[in-house]
Amino acid sequence: MFLVVNLVRRWQAAGGDTLFTRYLNYPGSPFERFFGWQRLQASPDIDLVPELRP
């Protein structure tokens, strides 16, 4: 996590734009149906780390 935060801060300091996205494994998704994978469906799994929220 620290590596990503550091890279983002350096990129923004250099004038770069930043766009964050999140993956949501919604209930009934193919990942859930075929593999039984139920992670990344709700908070805190899908939350951005506090250092990157601003």
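Sequential numbering from 1 along the given sequence is applied to the chain's residues.
- Under the 4.5 Å side-chain contact rule for hydrophobic residues, Leu24 and Phe35 share a cluster.
- Enclosure of atom CH2 in Trp37 by more than 12 non-hydrogen atoms of other residues, nucleotides or ligands within 6.0 angstrom is indicated.
- Rounding to the nearest 0.5 Å places CD1 of Ile46 at 12.0 Å from CZ of Arg39.
- With rounding to the nearest 0.5 Å, the separation of CZ in Phe20 from CG in Leu48 is 7.0 Å.
- Separation of atoms CG (Asp45) and CD (Gln38) is listed at 11.5 Å; rounding is to 0.5 Å.
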Run the side chain to side chain contact (heavy atoms under 4.5 Å, CB included) check on Asp47 and Arg53 step by step: do they pass?
CA-CA 9 Å; Asp47 295 345; Arg53 288 183 193 153; 4.1 Å; yes

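- Interatomic distance, CG of Leu40 versus OH of Tyr26, reported as 14.0 Å (0.5 Å rounding).
- Atom CZ of Arg10 sits in a sparse spot, with 12 or fewer heavy atoms from other residues, nucleotides or ligands closer than 6.0 Å.
- Looking only at distances, a side-chain donor or acceptor of Gln41 sits under 3.5 Å from a matching main-chain atom of Asn25.
- Note on Val8: it clusters hydrophobically with Val5, by side-chain heavy-atom contacts below 4.5 Å among ILVMFWY residues.
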